[in-house]
Amino acid sequence: MSEVVTYSREGNIGVITVNYPPVNALSHAVRSGLIAALEQGQEDSEAKVLLLVCEGRTFIAGADIREFGKPMQKPGLAELVETYENSEKPLVAAIHGTALGGGLEMALGCHYRVALNSAKIGLPEVKLGLLPGAGGTQRLPRLTGAQKALEIITSGEFVGAKDALALGILDVVDDGEDVKAAGLAYAQQIADEGKPVRRVRDLKDKIAADKGSDVFDQFRAVLQKKARGQFSPFKCVDAIEAAFDLPFAEGMKRERELFTECMDSPQRAGQIHSFFAEREVSKVKGLSKDTPVRDVNSVGIIGAGTMGGGIAMNFANVGIPVIIVEMKQEALDKGLGIIRKNYENSAKKGRLTQQQVEDRIALITGSLSYDDFKSVDLVIEAVFENMAVKKEIFAKLDAICKPGTILASNTSTLDVDEIASATRRPEDVVGMHFFSPANVMKLLENVRGSKTSDEVKATVMAVAKKIKKVGVLVGNCHGFVGNRMLHRRGAEAMTLVNEGATPQQVDKVLTDLGYPMGQFAMSDLAGIDVGYRIREERRNAGEQVAPSWMDKLAEQNRLGQKTMAGVYKYEEGSRNPVPDPEVERIIEDFRKEQDIGSREITDQEILERCMYVMVNEAAKILEEGIADRALDIDVVWIYGYGFPAYRGGPMFWADQVGLDVILAAVEKYHGDVGGEQWKPADLLKQLVADGKKFGDL
Ligand code: 3H9
C-alpha cells in the first residue's frame, strides 16, 4: 500500500484517505494509491459504503501540474475516475478546502458528495490553458445543465459550498469543521438507508433539457469579447457541447482530443509558467525563510487622492485599521467620499453586504495631523512625484513615528535611497509601488533601497500576501522594473507615430498580442499631462528630450479621458476610444514642422519595436540585478500591466520568439533608429552566444 493513500475501516464504512501535502495533487503515486485503496475497499466484505477523504488543508486540488509535459504514467486520471465511478459499493466524497480540477472530477466520479460549509469547488483548468480532462466537461453538465457548466468551466472561478449545493453539484453541506466526521456521518446514512450507487454519467434530465439549445453559440459570442485571443475557453465550450450531442463514452473521447489540443498549445505552456512564477516570486533570492517579520496591525497613509484611497481600501478589506492624512479638510472629505462610493458600488453589484461596507469604512479614519502616525506600524506616502516634497515628508515621519515603523513610499519612479536619506533610519525605508486602481490591480512592486533591512523586505512581502496582492521585490532605479520598461515602450510607440504609423495601428498591434489596451489608450486613461509634465521637467533640467506630437495634445488641453479628448476622443459616459481626425491633423502638422517624411509602417515592425525594446531593457534590468530573475519581470508585467498570462510574461514570450531573433532585430534597430534604448544588452548577447534563454538564468 502506498503511503500517500491509505485504506482503513470505521464500523461498516471503508475509508480511503489521501495524504500528499501540500494540496493532495493527483501525482502518479496518489493515482496508483487510489486504485489500490479502492480494490481493498471492494474486497473488504465488512465495508458497505466507501468514503474518500483527504488529510491536511484541502481535498484534492487537481492533477499534479508538475507532471505536465511529461508522458502520463498509468493509471491516467480519466481512467482512475472511471474506476471509481464503476465501483459496485456506494462511494462518498467528503470535501474540505478546495476540490479543484481533477480533484472535483474525482468527486464527480464518486456517487455522493458532502462538503464543509467553508469548502469551495471549481474546474480552474482554463486558467492553465487547459480544459477539465478527466470527465469534468461531461459530468458537470449532467448535474447543472449547460449554462452553469459553461460559466463554471470557462471562467475557472471557484463556487462556494452553498451555491454548489443549490446547483446540484453537492448533496449535503455540513456546518461543522471536521471533514472526516461529516463524511462518516453521511456515509453511514447512505449505508443505513441502503442507498444504491448513483453514477453521474447515467443522469439524463439536464442533458435532454438543453440538447440542441443555442446556448453554446450564444456563449461563444460572449467569449469572443471576453476571451479574445485565447485558445482553451473555446475548446471548453466544444467539449461541454459534446456532452449534449454525444453518448457519454464518445463525449469522453471528444474531451480527450480537445484536452490534447490544449496541452500541445503554447498558451498552456505560458499559463503554467505564469502559475508557478506567481508562486515563485514570494521566495526572494538571498532572503532566508526565517527572516523575522514585523507585525503590521495599523497603517498610516499620506494623501487621500486616487492612489492613497485605493491603498487604504486594501488594508480595510482585511481588517487592518488605516489613518489617512491630508493637508486640507476639503481634500480629505473628497477622498473619504470616493472610498465610500467605491464600496457602495461593490455593494450594488452584490460583492459586499451593506454591513461589510460599514465595517470597512469604520476602519478608515481621516486626519490633518502627522501626529496621528505616532504609533502606526507602517506608513505609506502616496503624494505626487516630487522628490523635494517626499523628502520633507520622510523627515517629518522620521521625527514622529515610533522606532520600528516601516516608512514606505508609493513612488512609481523616484530614487528610494534619496528618499531614505531624509531620515535617520534608512534601514526602515522601502518602496511600495501600487498600481492604479490600487484596490483592484494585483501587483505590488516592493522596492528595496540599498540600506533597507532584510526584516523590512520580508515584512513588505508578507504585507503583500496579507492584502491579497502579488508582491515582487525589485531593486532601486528610475522606474524600477515595470515603469522603466514601459517608458521605453511609450517612447518607441510615440516615435513610430512620428514616422508614419497611426496611434490606433500601434494600439491594435498591442491588443492583438493580448494586452487589454494599447499604449495610447493607456496614456488617455492615465492622463496625457502626466508624460508631458515629466518631459517638460526633464527639458527644464537641461536634458535632450525631443519634441513630440503628444506635447501638442497636452498644450491643446487634450488630456485624455478626463477631458473627453486625448489621443482619441470619447463620447459622454463612454471609455471607448474613438479615432479622431483632429489628432491625425495634429500629427500631420507636427511631421511637417519637424520635417519628418511619413512612411508606411508594418504591424510586424510595430510589434518588434514595442516589444523588443522592452525585452532589451529587461535584459539590462537583469544584468544590473534590479530584478533577480526573469520570472519576476514576467509577474510584474502580467499583474501590473495586463500582459496576457497565456503568453507567460514578456521574458517567457521572448524565449519563445527566440533570443537570437530578438538580438538580430535589436542590432538592426540600433543601426537604423539609434539611441541608448536599442544598444544591445550584454546579457542578451551573452545568452545568444551560449545558446541559452532567460528561463535558464
Ligand atoms: C487538472 O486537474 C487537469 C485535469 O482536469 C485533467 C488531467 C488529465 N499540482 O497556491 P499555493 C503547489 S489541472 C502541483 O501557494 P494556496 C503550489 O505550487 C489542475 N502543485 O497555496 C505551491 O507549491 P510551493 C487543476 C500544486 O493555499 C503549493 O502547492 N487545479 C498544485 O494559496 C501551495 O500552493 C488547479 O489549477 C497542483 N495542482 O492555494 C489548482 N496546486 O509551496 C491550482 C498547488 O512549492 N492550485 N500546488 O510553492 C491552486 O489554485 C491553489 O494552489 C490552491 C491553494 C487553491 C489549491
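Bear in mind that the values here come from a model prediction, so they are computed numbers and not experimental data. Side chains included, hydrogens not; waters and symmetry mates left out as well; all remaining heavy atoms used. For ligands, and for the atoms within them, numbers begin at 1 and follow the listed sequence.
Of the protein's non-hydrogen atoms, the one nearest atom 22 (C) of ligand 1 is Arg279 CD, 4.3 Å. Closest to atom 23 (O) of ligand 1, if we only count protein heavy atoms, is Arg66 NH2, 3.6 Å. In terms of protein heavy-atom proximity, atom 47 (N) of ligand 1 is nearest to Val23 CG2, 3.8 Å. In terms of protein heavy-atom proximity, atom 32 (O) of ligand 1 is closest to Arg57 NH2, 4.6 Å. Looking at atom 56 (C) of ligand 1, its nearest protein heavy atom turns out to be Ala61 CB, 3.5 Å. For atom 1 (C) of ligand 1, the closest non-hydrogen atom on the protein side is Ala63 CB, 3.4 Å. The protein heavy-atom contact nearest to atom 8 (C) of ligand 1 is Phe259 CZ, 3.7 Å.
Considering backbone and side-chain N/O of Gly62, none are found under 3.5 Å from N/O of ligand 1. At a 3.5 angstrom cut-off on N or O pairs, Gly133 counts as close to ligand 1. Residue contacts with ligand 1: Gly101 is placed with no nitrogen or oxygen under 3.5 Å of a nitrogen or oxygen of the ligand (distance criterion only).
Residue Glu125 holds the heavy atom nearest to atom 5 (O) of ligand 1 of all those in Glu125, Gln271, Glu67, Lys127.
Salt bridge absent: Glu255 and Lys235 never bring a charged side-chain N and a carboxylate O closer than 4.0 Å.
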